[in-house]
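Quick note: numbers below take in every heavy atom, side chains included, and nothing from hydrogens, waters or symmetry partners. Order of the sequence lines fixes the chain letters, A, B, ..., with proteins taken first and strands second; residue numbering starts at 1 for each chain.
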There are 2 protein chains.
Amino acid sequence: MTTSADLRIHNLVRLLRAVHDADEPLTRAGVARLLGIGRNTAAALVGELEAAALLHEVPAGATGRGRPTTSLLPHPDGPVAIAADLREDTWTLARIEVGGRLTELASGEHDRTPAVFAEIRAATRRHAGDRLAALGVAVAGPVRHGRRLHISHLDWDDVDLAEHVGDEWPTTVDNDARLAGLAEARRGALRGAGTALHFHIDFDIGGTLLLGGDAQRGAGNIAGEFGHMPLTGSPLWCRCGVQGCWSLQVGTNALLRHVGQEAGHGRGREAGREILARAEAGDARAGRAVDDNAAALGHGLGALANALDPEVITLSGLGVELLRLRRDLIERSCAEKLMRFRRAEPPSILAGTVGEASPLRGAAELAFDTILTPAWLQARLPARPPAGASARASMTARRP
Amino acid sequence: MTTSADLRIHNLVRLLRAVHDADEPLTRAGVARLLGIGRNTAAALVGELEAAALLHEVPAGATGRGRPTTSLLPHPDGPVAIAADLREDTWTLARIEVGGRLTELASGEHDRTPAVFAEIRAATRRHAGDRLAALGVAVAGPVRHGRRLHISHLDWDDVDLAEHVGDEWPTTVDNDARLAGLAEARRGALRGAGTALHFHIDFDIGGTLLLGGDAQRGAGNIAGEFGHMPLTGSPLWCRCGVQGCWSLQVGTNALLRHVGQEAGHGRGREAGREILARAEAGDARAGRAVDDNAAALGHGLGALANALDPEVITLSGLGVELLRLRRDLIERSCAEKLMRFRRAEPPSILAGTVGEASPLRGAAELAFDTILTPAWLQARLPARPPAGASARASMTARRP
DNA sequence: GTCTTATGTTCGAGACGAGAACATAATCCT
DNA sequence: AGGATTATGTTCTCGTCTCGAACATAAGAC
């Protein structure tokens, strides 16, 4: 970022990012105010983005006095991302455009082997069209260096994604808990939070630290395994190879184990939900299982809040239900583990607002993050006319 | 960052930051290469910084072929920072200039009450001169919202710094462990690390997460209390109000407790060092105390590495000695708590290279961070001549 | 039907960094 | 000793950027 040309690209990215991040379509005048640039500059930037088929201007509905402006919508020929969410035995594919509108494309079951990636690729190919710019995939495990996948409950140990992903499109595979958090940070309850934590509770517990709206990845892209810290003193050994992991007491597996059912191998999500239902209906044993889960969850959150000082913590997956059923217990347990001087201002603990599809939404954000960059935009921009040439030669938007 | 003027300031800050961060004085030609700007642009930027009394150009010693260039040194009338390190019964004051040269100014003992801040202010006033631009203070406890200080071993509970710090100079007070980490990230073993952890081990253990060279502060400036997570299952209650804190097993207090001596209240640092000496000399009981400390340290580091995935972990304070005496045990204990798939690439654990004064150095970096910003630079820059005026009217550098 | 208000559009101004061409000061080589 | 080589400093032109001011335009308000 040193030259005037860089400045232009920087401002183009800022504008496009603003449009993408907004909940409601922005207007051209509105984006000028938002970015603190002049109306003339906004007109030039938007024009360039329209020429690159990245935005489409349409007359905005009248909103009051003054000359009507235009709404900035995704361009009909603009780039789209495809996001996939890969679970223990199913997968979902969706298409996302600039601005965040998400359309589900396909879904299927799979045989618990990495062959599912070929299935996802095939489905992607079917729906790709010529607008597909990037692919994001959420998986239920850490992806070392973005390439080597570990999902212990599927016995996927060190799966080399290079062999399964292909290079037809720029593809990023990442951890579902991290992506769920990213979705909350960009379009959910963590919007605007400077420092936040998100935990995605499914069979076990995964999470991510969010700083300024970005999910932290660590040195090897495997940050966020908060579930594998010994926070609550469990005597059990975890499949990860460590004794006492927090995950042994929080999540579906912990619930199942508590009522004496078999846990692990990515089975029993339904049985876990049933335990919650029985607890809600008054069953004592199920209730104790849920209590245990909630207390362990709260204790861990308190410990992590001491270390990372989030202003807010959100939960997705099973966490939403735990919060609905046992908010008090979670908050009390959290406070127990908070340093005394923190108890006056504990972090708020909220249910995520993005919903069930938050890993999918996060995968979409991830895909767009690879797109909304100076480098990509630079390559995408049509060559500028070499000075003196007519600026409005053609209204036909073309892509180079 | 939208206009050409912002671009200029941005590049000025980049240049000044490069000079400040460098180990050796940079040359003008060197900085042009480093920043990827033209020699002409570099000349203009440096000229402006010289005019603002921020840099001083002096002929560089010949280094080979080619026309000799100039070295970029701190300006003799340039801004300086003063840094203070406040320990349980002593304080130290030092002066730092652009580029990082540090001169110790004064030190003293104190009575363990916040009255020491007045002493530090008085000493600062004695040494301030008219070049003092910012003050940074390292303290052995969390500083909530940058204002409210908690040091449990001095029984300082919620000390309001507004009453003790004054507003003669821009002053930032922050946690010593965080600042020690910042010093390592800027001038020590963590240079260039994207994701890193630093732990400062003294009576207990404090730390910080470092991302891209910046120490994370959390939502209320109280991130980094890793020592108050229950990572190693201690049954004891901590003074912070929580049971089982990691700090109960790591640090001078833990050493003292292990050999049956009284621990706490910020006393016994010498006795702690003695235990290390006895252990080194072969004393069995002291040896077991050190073993216990080292094992607990390693276990905690492993757990934290699972969650945060640092590429490197550094230690300062007592940690340097523990590493010297028990590196193997620390690394083995760390690996025990690492998830199995991480054990092939464990984070390196290194002694900090900044040395004993790392909190002080970190406080200096902190002070300069408040200086080396676009806003400060903008205010500092002399008004530009209104165009057409002679550019080299006067060689006399003045400050507005 | 006119006034008010918000936005679009046009044009000139000021500033910035790049790049090329040239000047300069050291070392290297014969 | 003197020319060749090399790296840097300096100067000037050029293209680009955003801004601000002035004016044009399209809606609602009175």
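- Atoms CZ (B/Arg14) and P (C/dG17) sit 10 Å apart, rounded to a whole Å.
- A search for side-chain hydrogen bond (donor to acceptor under 3.5 Å, both in side chains) contacts involving A/Arg186 returns A/Asp214, A/Asp369, not counting sequence neighbours.
- Per the geometry, CG belonging to A/Asp6 stands 19 Å off P belonging to D/dG15, to the nearest Å.
- Between D/dT18, D/dC17, D/dT8, one nucleotide has an atom nearer to the side chain of B/Thr69 than all others, and that is D/dT8.
- The residues B/Arg361 and B/Glu184 are annotated as not salt-bridged, no charged nitrogen and carboxylate oxygen being separated by less than 4.0 angstrom.
- In this entry the distance linking CG of B/Leu7 with P of D/dC17 reads 12 Å, nearest Å.
- Using a 4.0 Å cutoff on non-hydrogen atoms, the parts of residues 18-34 of chain A near DNA chain C are A/Arg28, A/Ala29, A/Arg33, ordered by number.
- Put simply, A/Ser4 has no side-chain N or O that comes within less than 4.0 Å of OP1 or OP2 on C/dC16.
- C/dA15 atom P lies 13 Å from atom CD1 of B/Ile9, rounded to whole Å.
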Task: Protein proximity profile, nucleotides 23-29 of chain D - base contact B, sugar-phosphate-only contact S, no contact -, cut-off 4.0 Å on heavy atoms - done: -BBBBBS
For a quick test of your reading: what N or O donor-acceptor pairs under 3.5 Å do the side chains of residues 35-46 of chain A make, sequence neighbours left out?
none

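- A/Thr70 meets the side-chain hydrogen bond (donor to acceptor under 3.5 Å, both in side chains) test with A/Glu57; sequence neighbours excluded.
- B/Arg33 pairs by the salt bridge (Lys or Arg N to Asp or Glu O under 4.0 Å) definition with nothing, not counting sequence neighbours.
- Comparing D/dA21, C/dG17, D/dT18 by their nearest atom to the side chain of B/Leu45 picks out C/dG17.
- Residue B/Met1 contributes atom CE, which lies 11 Å from atom C1' of C/dC16 at whole-angstrom precision.
- Under the salt bridge (Lys or Arg N to Asp or Glu O under 4.0 Å) criterion, B/Arg187 pairs with B/Glu365, not counting sequence neighbours.
- Qualifying side-chain hydrogen bond (donor to acceptor under 3.5 Å, both in side chains) partners for B/Asp23, counting only residues two or more places apart in sequence or in other chains: B/Arg191.
- Remark: B/Glu168 pairs with B/Arg125 by the side-chain hydrogen bond (donor to acceptor under 3.5 Å, both in side chains) rule, at least two apart or across chains.
- Remark on DNA chain D: of its neighbouring residues B/Thr3 and B/Asn40, the 5'-side contact belongs to B/Asn40, judged by nearest-heavy-atom nucleotide.
- A straight line from CG of B/Asn11 to P of D/dC17 spans 16 Å, rounded to a whole angstrom.
- Atoms CD1 (B/Ile37) and P (D/dT8) sit 13 Å apart, rounded to a whole Å.
- Between the side chains of B/Thr208 and B/His198, no donor N or O sits under 3.5 Å from an acceptor N or O.
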